[in-house]
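Throughout, a chain's letter reflects where its sequence line sits, starting with A, and its residues are numbered from 1.
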Amino acid sequence: MDPLLHGHDPETGIVAVQQAGDSRVKLYVRSGASVSAREAEFFPFFFLTDASFLKGFPERHWVGELGGNNFYRYICAFTGWHDMWEAIHFIIDNYNRQHETKIESYTDAGLLHIRADPVSQFLMQSGKTLFKGMIFDDLYRLQLDIETYSPKGFRFRNPNRQDDRVILAALSDNRGWRFDINGKGKSERDILEELANTIKEKDPDVVEGHGILNFDLPYILKRCEILGIDFAVGRDGTVPHSFDPRSATGDRAPDYPLFEIAGRHVVDTLHLVQSYDATKRTLDNYSLAYVAQYLGFAKPDRTHLTADRIPWCWHNEPDTLIKYAVDNVDETKRLSEYLSPSTFYLSQMVPSNYGSLARLGSAAKIESILLREYVRQKHSVPKPQAGSQSTGGYTAIFYTGVLGPILHVDVESLYPSIMISEKIRPTSDGLGVFEHVLTQLTSIRIDAKKKMVSSEDPSEKAKLDALQASYKILINSFYGYLGYSQGLFNDYAAADRVTRAGHKVLARLIEEISNTGGKVIEVDTDGVFFVPPNSVRTRSDEDDLVAILSSTLPNGIRITVDGRCKRMLSYKKKNYALLGYDNKISIKGSSLMSRSMEKFGRYFINKCIEGLLIGNVDDIHRVYESLHNSISQHRLPVNDFARAETLKDSTERYTKEVDSGKRNRTASYEVAIASNLHSKPGDKVFYYITGTGAGVKGFENCKSADDWDPNFPDENIPYYLKRLDEFAKKFEIFLSQEDFHAVFSVEGLFSFSPESIRVLTLPAGEMASEATGDEEEKFDIDPKIWLDEG
DNA sequence: GGACTCCGTATACC
DNA sequence: ACGGGTATACGGAGTCC
């Protein structure tokens with residue numbers, strides 16, 4: 001246990017910390033099956049630039065001068081949370097008396113720095129963290145799902161309506177317990193009281209649910225309020241209370257109300273799924289049944305029900321509804337087991353509450369760790385540097401076309417390795433915490449991975465994997481932190497040194513690959529796609545090649561095989577498609593295929609890519625022709641050509657900015673306004689283009705997809721034919737001019753013959769100008785058969 | 001009116 | 001595993017001929 005990384009207090013088993021009054025916190029400590037509570041003192045504090053701002057503040061307080069010469073040279077501590085805020089207002093008033101430009105909030109002039117969350121403050125000053133000495137399964141977790149009934153004629157459930165009610169609840173825990181409260185023949189009061197008593201009796205550390213923050217909890221609490229029930233499930237006997245998260249970034253944060261149950265944590269698996277998909281972008285929707293299916297732990301006999309079937313089911317087959325709810329809690333448990341552990345293990349390091357950690361950015365996690373040590377050593381703290389980073393990752397494309405076989409190698413932890421080996425760290429970090437923590441994390445991650453590989457026990461393996469994954473999240477954020485504008489310890493020059501060193505490593509790697517006779521196709525930041533030399537035919541040849549390449553790179557820099565595939569369709573930087581040895585195709589990049597594209601376009605591009613990769617040009621021609629005909633004859637349903645766009649701003653804001661000339665009109669907002677629904681940011685709009693002529697303005701000729709009438713289709717045929725040709729144009733670079741026109745045309749006098757058509761492979765980018773003329777280079781596309789595969 | 005550039009917004013990769 | 005740099009597409013406005 002490293003004190004800088006895990007905090008300097010070794011106390012184990014803390015499962016929850018909550019503020020208890022103005023100057024105390026309550027700690028809940030688990031020891032085996034029992035949990036005990038105790039109170040502890042804490043002193044609210046903040047960092048201040050100039051102690052004179054607090055001169056004359058009447059309440060009891062301490063001002064300590066800190067070591068070093070950083071911007072925030074004083075730490076101010078108070079006996080209570082209330083006094084601390086009084087002091088902040090005192091400082092603002094003081095400042096406004098002395099300065100012309102007035103400030104309203106403590107964030108305005110950067111006079112002081114504060115973590116406005118009392119639990120973080122306590123953890124920071126005490127050096128304690130949650131869950132020390134525990135593994136994920138030691139945490140006692142309870143899953144919850146309720147079903148509700150809305151009277152006939154109402155599509156949506158609404159707890160405020162007299163006749164809306166909770167009809168049943170299903171519960172489970174991570175010790176194998178399952179329970180349901182069947183509301184048949186029970187009053188809603190009975191159900192809710194039994195639910196509250198069950199939760200109190202089971203006494204979980206965590207309450208989990210899919211959509212629990214948006215639906216289950218608010219619904220339950222509203223019904224309890226109407227019925228006059230005390231839903232006192234807090235560990236101190238209090239009712240859950242909601243609070244608005246202070247969205248630090250402000251503009252685009254999806255503000256949902258959060259709930260706090262005293263002494264416990266509330267985990268919404270829906271939010272876990274959302275953040276999981278934010279980077280992966282592979283999920284079609286976030287419904288529990290779909291995600292469970294996708295991740296492979298849905299039971300074959302899982303009960304499926306749509307919301308509109310629930311009333312019928314409740315009247316005719318209540319047992320099916322109960323089974324449905326039980327399946328829901330089962331899957332919620334599995335989902336949480338899959339997505340929660342990395343946050344759990346991060347909680348053992350970062351001085352933050354379990355729930356808030358999931359919402360915290362990675363920069364804030366690192367900064368909390370740094371600040372904890374600065375508080376302990378009573379050292380002054382810097383303010384963020386102004387400026388910006390001037391370089392980023394290295395990108396290049398050398399060939400377009402269809403090439404293969406492909407090896408994708410990447411430099412393992414490129415930026416962290418560079419930061420460690422070249423000792424790059426923020427200049428303002430006088431205590432050297434940044435470097436220490438990064439080095440420490442890296443070495444314990446390697447340890448965990450080693451142990452994971454050699455472990456025989458699957459549950460031990462899973463624990464170590466979660467552990468190393470949580471280290472990785474932190475490790476990968478250190479570079480980003482250097483260039484983060486709000487980071488107290490940011491250092492743009494250091495960030496630039498890292499990226500420049502990265503360029504050098506990549507340039508070296510590209511050179512070495514070429515030296516061995518490999519053809520480099522595309523490079524992005526830390527990965528290289530290339531065609532290995534002909535002599536490399538088996539996996540062990542590949543491993544040998546990678547070992548040779550690794551040995552030519554600077555110490556501490558290693559490369560690994562990230563993937564291998566039969567062929568690659570190289571289109572543009574960050575845009576390519578791969579044909580795997582399992583014949584699966586994966587497409588990357590928004591320019592080839594974007595979510596905002598019309599459905600028929602996505603289908604068409606998919607077919608084109610498939611045709612080019614497997615060498616079936618005939619198919620491409622046929623798909624083009626059939627789509628061309630379908631569009632011309634109004635045979636596509638509206639879903640195939642409507643566009644889905646997400647509104648980023650309110651329609652009011654849009655109208656205001658259009659009127660003041662700040663922004664152009666766009667189809668999506670015009671449709672939202674015309675359809676007269678109250679649309680809010682984040683809403684999706686489905687629309688299509690009407691009018692005559694391919695060149696119409698979208699914002700003047702758009703209609704909601706709901707208004708499309710299959711009996712009187714009014715979509716703009718020339719416009720959608722133009723769209724089809726625009727999609728086809730993406731493939732121009734892969735074919736000669738004649739071939740291109742032959743493939744992407746409707747049958748003329750002569751029928752299409754695919755025999756003579758060849759797919760071009762051309763030097764791209766800077767190489768294109770170096771190459772003599774435009775002639776094609778010859779590549780063997782000869783998927784190798786791996787000896788160890790089938 | 002077409003060709004061109006410039007700009008803001010959106011999406012996606014690492 | 002949300003932060004920022006890099007890359008690309010697209011619609012619309014302004015400009016020039």
TODO: Would you please name every residue forming a side-chain hydrogen bond (donor to acceptor under 3.5 Å, both in side chains) with A:S550, sequence neighbours left out?
DONE: none
Open item on the list: According to ring pair (Phe, Tyr, Trp, His ring centres under 6.0 Å), who are the partners of A:F136, at least two apart in sequence or on a separate chain?
Closed with: A:F344
Task: Residues in side-chain hydrogen bond (donor to acceptor under 3.5 Å, both in side chains) contact with A:S347, at least two apart in sequence or another chain - done: none
Short heteroatom pairs, N/O only, protein and nucleotides 7-12 of chain C, under 3.5 Å:
unit_1: C:dA7; atom_1: OP1; unit_2: A:T395; atom_2: OG1; d: 2.5
unit_1: C:dA7; atom_1: OP1; unit_2: A:K573; atom_2: NZ; d: 3.2
unit_1: C:dT8; atom_1: O3'; unit_2: A:S591; atom_2: OG; d: 3.2
unit_1: C:dA9; atom_1: OP1; unit_2: A:K572; atom_2: NZ; d: 2.3
unit_1: C:dA9; atom_1: OP1; unit_2: A:S591; atom_2: OG; d: 3.4
unit_1: C:dA9; atom_1: OP2; unit_2: A:K572; atom_2: NZ; d: 3.3
unit_1: C:dG12; atom_1: OP1; unit_2: A:G698; atom_2: N; d: 3.4
unit_1: C:dG12; atom_1: OP1; unit_2: A:F699; atom_2: N; d: 3.1
unit_1: C:dG12; atom_1: OP2; unit_2: A:G698; atom_2: N; d: 3.4

- [ ] Taking only the side-chain nitrogens and oxygens of A:T391, find out if one of them lies under 4.0 Å from OP1 or OP2 of C:dG5.
- [x] no
Task: With sequence neighbours excluded, residues passing side-chain hydrogen bond (donor to acceptor under 3.5 Å, both in side chains) with A:N476 - done: none
Task: Range on DNA chain B touched by chain A, heavy atoms, distance below 4.0 Å - done: B:dA10 to B:dC14
Open item on the list: With salt bridge (Lys or Arg N to Asp or Glu O under 4.0 Å) as the rule and sequence neighbours excluded, what pairs involving residues 491-513 of chain A come up?
Closed with: A:R508-A:E512
Open item on the list: Listing request: all salt bridge (Lys or Arg N to Asp or Glu O under 4.0 Å) pairs with a residue in residues 715-728 of chain A, at least two apart in sequence or in separate chains.
Closed with: A:E598-A:R723, A:K722-A:E726, A:R723-A:E726
Open item on the list: Checking A:S421 now: which residues fulfil side-chain hydrogen bond (donor to acceptor under 3.5 Å, both in side chains) with it, not counting sequence neighbours?
Closed with: none
Open item on the list: A:F434: which residues meet the ring pair (Phe, Tyr, Trp, His ring centres under 6.0 Å) condition with it, sequence neighbours left out?
Closed with: A:F478
Task: For DNA chain C, the dot-bracket pattern of Watson-Crick and G-U pairs whose distances stay under 3.5 Å, | for other-strand partners - done: ...||||||||||||||
Open item on the list: According to ring pair (Phe, Tyr, Trp, His ring centres under 6.0 Å), does anything in residues 640-667 of chain A pair up with another residue at least two apart or in another chain? List the pairs.
Closed with: A:F641-A:Y688, A:F641-A:W708, A:F641-A:Y720, A:Y654-A:Y669
